[in-house]
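This report refers to the structure that appears directly beneath it.
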Amino acid sequence: MTSYRELARNRDFTRLWVGEAVSQLGTAASLFVFPLIGYALTGSALLAALPVAAYTLGIAVSLLPAGVVADQVDRRLLLLAASAVGLVLTASIAIAGLLGAMTMPHLIVVALGTGAVAGFYMPTELSAVRSVVERDELSTAISQNQARHHIASLLGGPLGGVLYAVGRPLPFVVDAVTFAVSLLTVSRVRADLSPVDRPRRAPVRELGDGLRYLLARPYFRSVAAFGAMCNLVVNAVFFVAIVRLVEAGVPSTTIGLVEALAGVGGVVGAIIAPFLIDRMRTGHLTMSVAWSWVPLLVPLIFWSSPWLVGAMLCIGLLLNPAGNAAGQSYRVAITPDELQGRIASSSQFLGFMTIPLAPILGGWLLETYGAATATTMLLVAAVLTALIPTLARSVRSVPRPRDWPVLDESGELVEQPERQLPGLGAGMDHDEVITLDRRESGVATRV
């Protein structure tokens, strides 16, 4: 598998990665100050949550149409347009803040718009990655994207806090600059990111093609269900753990360190992800991620020490980047190019839609049953979630990246014999061939 150092020689990928890494850091800083500024403007904790809710809503409503557009127009132009819109939106609120004219409606509109920008950018960039890297570089490339996300999550809050302390508009000034950096780096990408030349249909029917393709295939269907449930359970666990610390009177600085430990786990996990992906079957890696949370939740039933919570989150997130990167890479590798945008956006939408429900679920369980019972019920939910990939043969049977099936010129999947990894048992006989469900090898049906 390609190393991070080797991938760094790919200038187009590096330009995409650096631009979005900088932009994600700026966005994370803005997200941190949204509720702070909302509360300063209104004095209401409820109203202060509206900008963050608007950002989440912007992502949710834009993801599915973004996939359709990404399969119809030049993806480079779409990335440039998204960065330009983000620049205009954040610059507008920054200027308003500098003029002392920042208002709550303006803040909500900017949050909603930047959420929509993120919703368009995510599936479009993931589709573009396949055009700028080789097949054997996919896992490393997407692992590097996972590292980018966790670094932004780790540093965005402290950066936003420092900038906000200097001046209320400053986080948005910096965010606007980061969008400008993204605009510049994407403009320097030289690879052809135009979509496959094919007949165009009505957007609703194009969207339907993507959803039907995803839901008709056992692997995509199982992974989508697992992703949605995993996001719900893990984020609910995180919410319950943090609220228990708040109720116990743990200082906010200590809680900040707990969240930082979670970020460290994600960053370290992203660094070791290529090693794990190359040496474990993708299906086994997915199951390992699923079951890793189960033993970690048991101590939280009885204790709620901040360092226990921090260690649990750190260890739990170690495998997460590898699992995400392997699953996304496999999905990209076995999806026809003309469907890349729609499959990426549909998968992200199905996984994302449960995240807003997590704090509601966690809060309801805490208030209704108490901390110990709430954690026990989330433990049971984690076991049920882990059973999804475990019982799905289409997930269990996915081999290492070197043995993934390949798409031929007609878009059909061609099975590959599994090759033994030097120095390690392959876990299969040399002559055993990975068998796929026939429906996995189809292409989108035109109706």
Side-chain angles (χ1 to χ4, degrees), residues 10 12-13 16-17 20 59 62-82 118-146 186 189 191-201 203 205-217 219-221 223-224 227 282 324-352 398 401 404-414 440-446:
N10 185 324
D12 282 338
F13 175 77
L16 280 176
W17 190 90
E20 182 59 4
I59 294 178
S62 62
L63 269 174
L64 290 178
V68 175
V69 177
D71 285 336
Q72 291 187 341
V73 304
D74 190 311
R75 290 159 185 162
R76 179 173 172 272
L77 294 178
L78 187 53
L79 293 174
L80 288 171
F120 268 88
Y121 203 99
M122 289 189 296
T124 305
E125 189 206 24
L126 185 57
S127 303
V129 166
R130 180 169 172 173
S131 300
V132 300
V133 303
E134 299 296 331
R135 177 186 169 89
D136 61 356
E137 297 174 324
L138 267 176
S139 296
T140 304
I142 296 179
S143 296
Q144 194 162 321
N145 286 353
Q146 290 284 310
V186 172
V189 172
D192 181 12
L193 303 184
S194 56
V196 173
D197 187 18
R198 61 182 178 82
R200 301 291 188 264
R201 307 173 66 193
R205 300 189 73 180
E206 292 264 316
L207 177 60
D209 284 346
L211 287 171
R212 280 193 297 272
Y213 185 92
L214 185 147
L215 296 175
R217 281 150 182 81
Y219 174 80
F220 287 154
R221 195 167 57 236
V223 169
T282 301
N324 283 343
Q328 289 182 21
S329 302
Y330 182 66
R331 186 184 71 217
V332 171
I334 65 173
T335 299
D337 191 62
E338 65 268 20
L339 283 165
Q340 283 291 333
R342 282 167 286 172
I343 296 302
S345 65
S346 297
S347 300
Q348 290 169 343
F349 175 78
L350 292 173
F352 178 84
V398 179
W404 287 348
V406 297
L407 285 167
D408 62 17
E409 293 182 358
S410 66
E412 296 287 339
L413 286 177
V414 179
E440 291 283 332
S441 63
V443 295
T445 303
R446 304 292 180 189

Run the side-chain contact (heavy atoms from CB on, under 4.5 Å) check on F220 and I334 step by step: do they pass? CA-CA 10 Å; F220 287 154; I334 65 173; 4.0 Å; yes
Looking only at heavy atoms, which two atoms of S62 and G119 are closest? And how far apart? OG-CA, 3.2 Å
Quick one: pull up CE in M122 and CG in L126 and give me the separation to the nearest 0.5 Å. 10.0 Å
Look up atom CD in E338 and atom OG in S127, then write down how far apart they are to the nearest 0.5 Å. 12.0 Å
Does the pair L79 and V189 meet the rule for a side-chain contact (heavy atoms from CB on, under 4.5 Å), with working shown? CA-CA 11 Å; L79 293 174; V189 172; over 6 Å; no
side-chain contact (heavy atoms from CB on, under 4.5 Å) partner of I343, the single match among R217, Q348, R331: R331
Closest contact, heavy atoms only, S346 versus G210: OG-C, 4.5 Å
Got a second to check how far R342's CZ is from Y213's OH, nearest 0.5 Å? 11.0 Å
Aromatic ring pairing W404/Y330, orientation class (parallel under 30°, perpendicular over 60°, tilted between): perpendicular
Output the distance between atom CG (L350) and atom CG (L63), rounded to the nearest 0.5 Å. 10.0 Å
Please round to the nearest 0.5 Å and tell me the distance separating atom OG1 of T282 and atom OH of Y219. 7.0 Å
Taking every non-hydrogen atom, the tightest pair across S345 and L64: OG-O, 3.9 Å
State whether the side chain of Q340 and the backbone N or O of V332 hold a donor-acceptor pair below 3.5 Å, judged by distance alone. yes
For D71 and G341, the nearest pair of non-hydrogen atoms, with its separation, is OD1-N, 2.8 Å
Between OG1 of T124 and CG of L193, what distance do you get to the nearest 0.5 Å? 10.5 Å
What are the two closest heavy atoms between W17 and Q144, and how far apart are they? NE1-O, 2.8 Å
Criterion salt bridge (charged side-chain N to carboxylate O under 4.0 Å, His left out) on D12 and R75, from CA distance to verdict: CA-CA 13 Å; D12 282 338; R75 290 159 185 162; over 6 Å; no
Could you tell me whether the side chain of L138 reaches within less than 4.5 Å of the side chain of P401, counting heavy atoms only? no
All heavy atoms of V68 vs all of E206, minimum pair found to be CG1-CB, 3.8 Å
Does F13 form a side-chain contact (heavy atoms from CB on, under 4.5 Å) with T140? I'd like the steps, not just the answer. CA-CA 11 Å; F13 175 77; T140 304; over 6 Å; no
Could you go through V132 and L16, starting from their C-alpha distance and side-chain angles, then the distance that decides it, and tell me whether this counts as side-chain contact (heavy atoms from CB on, under 4.5 Å)? CA-CA 9 Å; V132 300; L16 280 176; 4.1 Å; yes
